[in-house]
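Single-structure report; data block below.
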There are 2 protein chains.
Amino acid sequence: MPAPFGPFLRRQRERLRTQRGEDFSVRQVAGRAGLEPSYLSKIERALQPPPGEAAVRALARELELDPDVLLALAGKVSSDLQKVILRRPQLFAQLIRELKNQPDHAVLRVVREVRDGDW
Amino acid sequence: MPAPFGPFLRRQRERLRTQRGEDFSVRQVAGRAGLEPSYLSKIERALQPPPGEAAVRALARELELDPDVLLALAGKVSSDLQKVILRRPQLFAQLIRELKNQPDHAVLRVVREVRDGDW
DNA sequence: ATGACTGTGTAGTAATCACTACACACCCCG
DNA sequence: CGGGGTGTGTAGTGATTACTACACAGTCAT
């Protein structure tokens with residue numbers, strides 16, 4: 001699990017390049033995301049660790065990826081989620097540890113229950 | 001919210017000192033937690049930011065505090081919780097954002113539901 | 001063969017993190 | 001008055017984080 005982040009970025013960028021014509025060179029993407037091209041290049045080849053949260057979000061935006069997923073690949077938990085947890089640490093710690101070994105569909109059911117609020 | 005961490009530590013340490021006789025000087029606690037006394041002193045007075053996760057956990061242990069709560073005061077989310085989230089980022093992101101504005105009792109009900117598994 | 005791209009290599013940096021090592025001043029007991 | 005305890009001030013350090021700046025080599029079209 002150390003670094004599928006970079007290669008994943010590269011694949012996605014090249015996929016978009018073949019689909020959406022051009023504008024998806026290292027330079028273009030880096031430019032729009034506010035990074036140096038060589039930095040992005042190194043990240044894509046995993047010669048540099050994933051960048052900070054802001055940069056990851058910018059890349060997710062440019063490459064049309066889910067920010068939470070890309071952040072996870074970068075080994076980071078979105079800071080807004082952290083804030084939610086930090087407000088009620090015991091509560092959320094308990095919940096998350098409880099859900100740790102539950103299958104996806106069980107977690108999803110909980111999500112829906114809360115969202116629909118029919119209880 | 002920048003730094004009630006230090007003062008909170010100090011209060012708890014002094015509380016324990018008056019209760020449990022001695023062994024709760026800066027030196028003793030720092031020693032048992034594996035830190036330099038002056039470092040702990042500075043942390044307690046918020047002249048230094050809270051220490052790393054390992055040290056926070058050690059302090060929680062020595063001062064008989066809930067690690068999750070103390071970590072939260074230090075602005076950190078327990079790394080084991082992060083790992084759980086990172087395995088299924090979309091799912092947990094959704095769940096946490098859904099619960100963000102729910103009152104404590106609603107979150108607690110979910111915890112119990114999952115734990116009792118009677119559904 | 002020049003210009004405009006492509007990606008990439010080298011080097012350096014400013015900031016923050018997480019500390020340690022040591023010395024000092026004060027107080028109290030014997 | 002000295003030896004133990006209290007807390008604290010000063011200084012410095014090694015690692016990691018998160019980058020930037022710039023130059024270079026290859027490819028392709030005109």
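Naming: A, B, ... by sequence-line order, numbering from 1 per chain.
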### Message
Using a 3.5 Å distance criterion without hydrogens, assess whether the side chain of E53(A) forms a donor-acceptor pair with backbone atoms of S79(A).
### Response
yes

### Task
Could you state the atom-to-atom distance from OH of Y39(B) to P of dC17(C) in whole Å?
10 Å

### Query
Do the side-chain N or O atoms of S41(A) get closer than 4.0 angstrom to the phosphate oxygens (OP1, OP2) of dG7(C)?
no

### Query
Can you tell me if R10(A) uses its side chain to pair, donor with acceptor, with the backbone of I43(A) under 3.5 Å?
no

### Nearest-angstrom distance from the residue atom CD of Q48(B) to C1' of dT20(C)
11 Å

### Query
Do the side chain of E98(B) and the main chain of V114(A) share a donor and acceptor less than 3.5 angstrom apart?
no

### Query
Are V77(B) and V69(B) connected, step by step, through hydrophobic side chains (Ile, Leu, Val, Met, Phe, Trp, Tyr) whose heavy atoms are closer than 4.5 Å?
no

### Query
Taking any atom under 4.0 angstrom from a heavy atom of chain A, which nucleotides of DNA chain D are the first and last to qualify, 5' to 3'?
dA18(D) to dC22(D)

### Summary
Comparing A54(A) with R13(B), nearest DNA chain D nucleotide closer to 5' gives the residue R13(B)

For nucleotides 26-30 of chain C, list the nitrogen or oxygen atoms of the protein found under 3.5 Å from its nitrogen or oxygen atoms, one pair per line.
none

### Euclidean distance, atom CG of residue L40(A) to atom C1' of dT6(C) [Å, nearest integer]
13 Å

### Message
Rounding to an integer number of Å, can you tell me how far K42(B) NZ sits from dC24(C) C1'?
### Response
13 Å

### Query
Can you name the one residue among R97(A), R88(A), Q94(A) that meets side-chain hydrogen bond (donor to acceptor under 3.5 Å, both in side chains) with D68(B)?
R97(A)

### Task
Give the C-alpha distance, both sets of side-chain angles, the deciding distance and a yes or no for side-chain contact (heavy atoms from CB on, under 4.5 Å) between L95(A) and V110(A).
CA-CA 11 Å; L95(A) 176 60; V110(A) 175; 5.6 Å; no

### Query
In whole Å, what is the span from the CD1 atom of I43(A) to the P atom of dT8(C)?
13 Å

### Query
How would you label the contact of S38(B) with the nucleic acid (heavy atoms, under 4.0 Å): base, sugar-phosphate, or nothing?
base

### Query
Hey, does R45(B) reach any base, or is it just sugar-phosphate, or nothing, if we go heavy atoms under 4.0 Å?
sugar-phosphate

### Query
Which pair of heavy atoms, one from E62(A) and one from F24(A), lies closest together, and at what distance?
O-CE2, 3.7 Å

### Minimum-distance pair of heavy atoms, taken over all atoms of P67(A) and A60(A)
CA-CB, 3.9 Å

### Message
Please check: side-chain N/O of Q48(B) versus main-chain N/O of Y39(B), any donor-acceptor pairing under 3.5 Å?
### Response
no

### Query
Can you check the E53(B) CD to dC17(C) P distance for me, whole Å?
15 Å

### Query
Just to confirm, is there a sub-4.0 Å distance from OP1 or OP2 of dA18(C) to any side-chain nitrogen or oxygen of K76(B)?
yes

### Summary
Rounded to whole Å, CD of E44(A) lies from P of dT8(C) at a distance of 8 Å

#### Entry: Distance below 4.0 Å between R17(A) side-chain N/O and dG7(C) OP1 or OP2
yes

### Task
Grab the CZ-P distance between R27(A) and dT6(C) for me, whole Å please.
7 Å

